[in-house]
Number of protein chains: 2
Amino acid sequence: MAITVVGSVAYDTIETPAGKRERCLGGAATYFSLSASYFTDVRVIAVVGEDFGKRQEAVFQARNIDTRGIEHTAGKSFFWEGSYLENLNEAKTHITDLNVFATFNPKIPDAYRDSEFLFLANIDPVLQRRVRDAMPQAKLVAGDTMNYWIKDHRPALLEVLNGLDILLINDTETKMIAGNNNLVQAARAVMSLGPKTLVVKHGEYGATLFHGAGAFRAPAMPLEEVVDPTGAGDSFAGGFFGYLASQPEQSPAAFRRAMFYGGVMGSFACERFGTERLQKLTRPEIDERFNIFRELTHLD
Amino acid sequence: MAITVVGSVAYDTIETPAGKRERCLGGAATYFSLSASYFTDVRVIAVVGEDFGKRQEAVFQARNIDTRGIEHTAGKSFFWEGSYLENLNEAKTHITDLNVFATFNPKIPDAYRDSEFLFLANIDPVLQRRVRDAMPQAKLVAGDTMNYWIKDHRPALLEVLNGLDILLINDTETKMIAGNNNLVQAARAVMSLGPKTLVVKHGEYGATLFHGAGAFRAPAMPLEEVVDPTGAGDSFAGGFFGYLASQPEQSPAAFRRAMFYGGVMGSFACERFGTERLQKLTRPEIDERFNIFRELTHLD
């Protein structure tokens, strides 16, 4: 079933110990939709400037991603510049130019309205809420957020959480929302704010799924070389939610496999700069890595 | 088959968000041997002072641990005081009084010499080496170390590594020994120094087993409350090595299950102050938690 995703489509200049790339195609909605496109139909809502042309459009088209919801407007696209020279687990931001994103007002094409799955990538919670309200048919809604919204936009964020089925965030964000340093207690507090399912991403240590009273831990793959961790979390979300949307039923077993597919797509994302690796995968490659992940934790 | 362990038997004063305890029975050899005692016969080599009496001895005896290698000498036992008030993952040390441990010269009872398994807990690598050389019959030798020895006693540590089959350390220690920030590359570098098997403990995120070109990730259990993390790593080692020693063959499957038993014993250790929880477990409780761990990562 189709997923609609709303979020950023951007340019990133990235420096890591493996090198530097200028103005890669990036943004949460880009990573998410490329990743999810290996599992199901994806439709994007975003805004770009005049610097987004045929070549960028072609990246989405090659993966059959519906771009009718990408609004083209005067000005420049969202631009981010950051580096991971000291710590591959945490970006150091040098420049954030919101550009056309500063006045982003998501417009939902009519063709998107029957999407049964909705992903609200990390943007202003006021906009997340607006898109969620405009798509009442969505039967499963997942979302992401970040420290900035948690600290300074709590009332708007709480309204979003209240409308989410699944929240995907990292350890720090979980503890920050809850104001509690114990992950299990913090997870329970976050879930009491709305999402019945919480996925906490632990970076190189994998991720934990909290659902009801139960928990499930999916590994990350120990990587020989992390070329560029940018977008790994959004790629995880794309694999996770894309796999769920591809299943006839969102059973507990499907959620577990979705966690593994999330890890698989996150690991691919790190292997090249930007979205390079995500553009040219095949489903057999993905399933081969799924089996490596399974073997990585399989007991008998 | 029997394990001989050499390491510290000590008193710890511990403060955590859950409270404070004065002079708990502690030390790496204590945690290790209590944990391993649920799987196989354990023999301890250590040194204690006049403050170690019948009551402490009884803790070992209740678990059928052989204490003939615990030397009693004039003076006070090793004493450590630390707190985890800001960060449950890292102790802040307030006091380290080596006391009788400062002149520890391990004496190996003849009755220990047929031990086929040897664990060198975190002590001066010169002493680790001496014990290893004095027990040539040991067919599987595992060990631990810490930042202090890695930084300032490298030549002695390298001699120990060269004689180890299995090294159990944490992420930071692995990267520090290798001088490499990528875990996979660092693991390979550490294994080139001797140990064919490397277990890297990730605290609340579980542990990774590196063996040949393969890797295996065991989870940690998300704990509702961590009362006291002291000794969790040594308890992990005790469960891991104790289970291995209990098996007729140290097959790859046995190593995987050993990783899970390590995590199980580490999780129990955190539930009470000091060794309280480890003193009173039952094998059915341990296997029940093993099944929870299995369920935590089991796919289908």
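Below, read A as the first sequence line, B as the second, and so on, with proteins coming before strands; counting in each chain starts at 1. This structure is a prediction, so every number in the text was calculated from the model and none was measured.
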Measuring heavy-atom distances to chain A, does B/F290 have an atom under 4.5 Å in its side chain, in its backbone, in both, or in neither?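 When you check distances to chain A, only side chain atoms of B/F290 fall under 4.5 Å.
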Side chain, backbone, both or neither: which part of B/I292 has a non-hydrogen atom closer than 4.5 Å to chain A? neither
Between A/A253, A/A220, A/P252, which shows the greatest number of heavy-atom pairs under 4.5 Å with chain B?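 Heavy-atom pairs under 4.5 Å are most numerous for A/A220.
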Against chain B, work out which of A/L183, A/V184, A/L299 has the most heavy-atom pairs shorter than 4.5 Å and name it. A/L299
On the 0 to 90° scale, with breaks at 30° and 60°, tag the B/F117-B/F241 ring pair as parallel, tilted or perpendicular.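 Answer is perpendicular, since the angle exceeds 60°.
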Hey, what's the ring geometry for A/Y243 with A/F39, parallel, tilted or perpendicular (30° and 60° as the breaks)? perpendicular
Under 3.5 Å side-chain donor-acceptor pair for B/Y205 and B/D171: no
For A/A218, is it the side chain, the backbone, both, or neither that has a heavy atom closer than 4.5 Å to a heavy atom of chain B? neither
Contact part of A/L223 toward chain B, heavy-atom cut-off under 4.5 Å: side chain, backbone, both or neither?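 For A/L223, backbone heavy atoms alone lie under 4.5 Å from chain B.
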Intermediate values then yes/no, side chain to side chain donor-acceptor pair (under 3.5 Å), A/T208 and A/R217: CA-CA 4 Å; A/T208 304; A/R217 285 222 158 157; 2.8 Å; yes
Tell me whether the guanidinium CZ or amine NZ of B/R289 lies under 6.0 angstrom from the six-membered ring centre of B/F268 and within 45° of its axis. yes
